[in-house]
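Heads up, the thing below is written out as structure tokens.
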Protein chains: 2
Amino acid sequence: MSQSHYAINAVVRRTGLTAHVIRIWEKRYQAVQPERTATNRRLYSDEQVERLELLRDATKAGQSIGVVAKLPTDTLRRMALAASGAGAPARQKEALPDEASAFFEAALEAVRALDTRVLEQVLRRADVTLGTQGMLQRVAAPLAQALGSLWRDGTITAAQEHFATVVLRTYLATAAQIFAASGNEPVLVVATPSGQLHELGAMLVAASAANLGWRVIYLGASLPAAEIAGAVLQSRAKAVALSLVYPENDSRMEGELVRLRELLPAGTGLIIGGRAIAAYRPILDKIGAVPAQDLPRLLSVLDDFRK
Amino acid sequence: MSQSHYAINAVVRRTGLTAHVIRIWEKRYQAVQPERTATNRRLYSDEQVERLELLRDATKAGQSIGVVAKLPTDTLRRMALAASGAGAPARQKEALPDEASAFFEAALEAVRALDTRVLEQVLRRADVTLGTQGMLQRVAAPLAQALGSLWRDGTITAAQEHFATVVLRTYLATAAQIFAASGNEPVLVVATPSGQLHELGAMLVAASAANLGWRVIYLGASLPAAEIAGAVLQSRAKAVALSLVYPENDSRMEGELVRLRELLPAGTGLIIGGRAIAAYRPILDKIGAVPAQDLPRLLSVLDDFRK
DNA sequence: AAATACTAGACAAACAATTGACAATAGACA
DNA sequence: TGTCTATTGTCAATTGTTTGTCTAGTATTT
């Protein structure tokens, strides 16, 4: 197989664990036993990295490291499969209230410094410690929201805001990558309608849904109703999620949304979220779209459509 | 096999490594053993250049040079494959002339089908088979260009065009991340100026430059001159690359570009590329910006600014 | 003459390993 | 409830390694 030998630093990058933890897991529980160079540096194989990832997931799900570290890798793989299949979050560790905000602050710091690497690292670590949904709801979503107001404040520059948007966007896209391999998940089309240029909200939805086992077709920002409907037809999607942020009083929006509902096959779910939904509330009611004020509510709505 | 022999300068150009590093890798780890001229100048073969590229990628991925430099080239190739996540067959260099267009066609097919997974897979495979620069220049760039005209044709829908843009964008961003910097590479700021909404060209530049060893700060689309300059100052960037695609006759562009040049520290490189540069040519000359018609030319320009 | 390339040796910053100590948490038990 | 204990992650200090960069001096190419 592959002969890769990763230094501990590379393992840190891939697993999101700290070097401290990796070493202490080895010392105390013999979780992995990496080779050593002639000068005593650890060298990890792909298998060992995978094992560490599995251990990370198991502990994140509430298992104690002392127990799972002794299990063979096969068993860990089965556990991971079972856990993701059940979708039932066992006893997800409740993070401290200020733990999420520490990540938030760290992320903001990286944004100010225009430091891609650190920003990504913070997001990945939040992903590991809070769980993907926790990271999305308590770090990424607040960050996405804060960017706008901080920029209006003058607390951050437009360049920093753009920068953060791009990095966040990329992270969400890859985090949402959830192997669509199985192919028979329900399909969700995500986009923002014509005139709505802010796409971060839509990306959050896409990442969140993908993490919960939807196959997401993400179409980006500012797409006419007919196009969205076309994509739904082509992909036989079960539901559509739109995000409305700004502007809040686009007169053409009503026409767009009505048209979209007309063009969608009967039975297709239509979920609309984002800052601006309050302003468009009457329209949503009229066309029977389900509003979702925030990410948790969106997920529960998605769950209903899944059946 | 081609019998070309490259002087170290050419190798620097193609790999993004410094001459110092190339020599020290040879001395300390016998990474490559180039021929010598009668007067002791190093001469590198294509195979050796490829090997250096593989070593560069492996080290950027976190493997230590001391370990990987001793591995046979075959193993390095396999590792590059594994790292890019493709289970693809290890096609050797010298791609057929139409191989790139086969990838192009396959990519287009995936776009029509709105199939994220396949589209990503095609890009990854192209990456491995043609090399990163080959993939960028012969698949991604043509695809980015084609999307616009195909959409105007009606050959593809706007939804498909949006979809392709997003997937391509994400792939380029992560591909560029793989080469994430160790910290002391020269910094390049990439963006599109106010009014220019198409960012795919800028992303291509960013990915390409990152692959050649720049630390790229990517700011996305439509940013005012003052903001771009601010980011340059903050990051102490050596150069700025802008992409102009559409519109081709924005009257405010001249003001923006002039202002940008004024705000940039003396000595900062200013490179401008994209479909629309012909239309803005007089302005570019006026402010002393270097035009770059295509990706290969951009890279050689970047090379000049490196020092 | 100026730019480029070569060697050798020195250097500093980043990276790793080890150890021992510490703090937070959960569960057990009185 | 409070106290004890085992578990777990974190931290600091120290030592050693790895790696890219730099300088100086010489030679070659353009």
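FYI, side chains are in, hydrogens and waters are out, and symmetry mates aren't considered; it's all heavy atoms of this structure. Note on naming: letters A, B, ... go to the chains in the order of the sequence lines (proteins, then strands), and numbering restarts at 1 for each one. What you see is a predicted model; the values in this text were computed from it and never measured.
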Inset, instruction - Look at B/R124 together with B/D127 and state whether they make a salt bridge at an N to O cut-off of under 4.0 Å. - result: no
Candidates [options] - which lies nearest the side chain of [X]:
| X | options | value |
| --- | --- | --- |
| A/S64 | C/dA17, C/dC6, D/dT8 | D/dT8 |
| A/T39 | D/dT29, D/dT17, D/dG20 | D/dT17 |
| B/I65 | C/dA16, D/dG20, C/dA5 | D/dG20 |

Inset, instruction - Give the rounded distance in Å between these two atoms: CG of A/L43 and P of C/dA16. - result: 11 Å
Legend entry - Close approaches to DNA chain D from residues 30-38 of chain B, in residue order (heavy atom, under 4.0 Å): none
Inset, instruction - Strictly below 4.0 Å, heavy-atom distances to any atom of DNA chain D: list the hits from residues 48-57 of chain A, or just say none. - result: none
Inset, instruction - Would you jot down, in residue-number order, the residues of residues 17-28 of chain B having a non-hydrogen atom under 4.0 Å from DNA chain C? - result: B/R23
Legend entry - B/P296: side-chain contact (heavy atoms from CB on, under 4.5 Å) partners, not counting sequence neighbours: B/Q137, B/D294
Inset, instruction - Please identify each residue that fulfils side-chain contact (heavy atoms from CB on, under 4.5 Å) with B/A209, with sequence neighbours left out. - result: B/L188, B/W214, B/V216, B/L302
Inset, instruction - Compare side-chain N and O positions of A/Y29 against OP1 and OP2 of D/dT7 and report whether any pair is under 4.0 Å apart. - result: no
Legend entry - Residue pairs passing the salt bridge (charged side-chain N to carboxylate O under 4.0 Å, His left out) test where at least one lies in residues 22-31 of chain A, sequence neighbours excluded: A/E26-A/R36, A/E26-A/R42
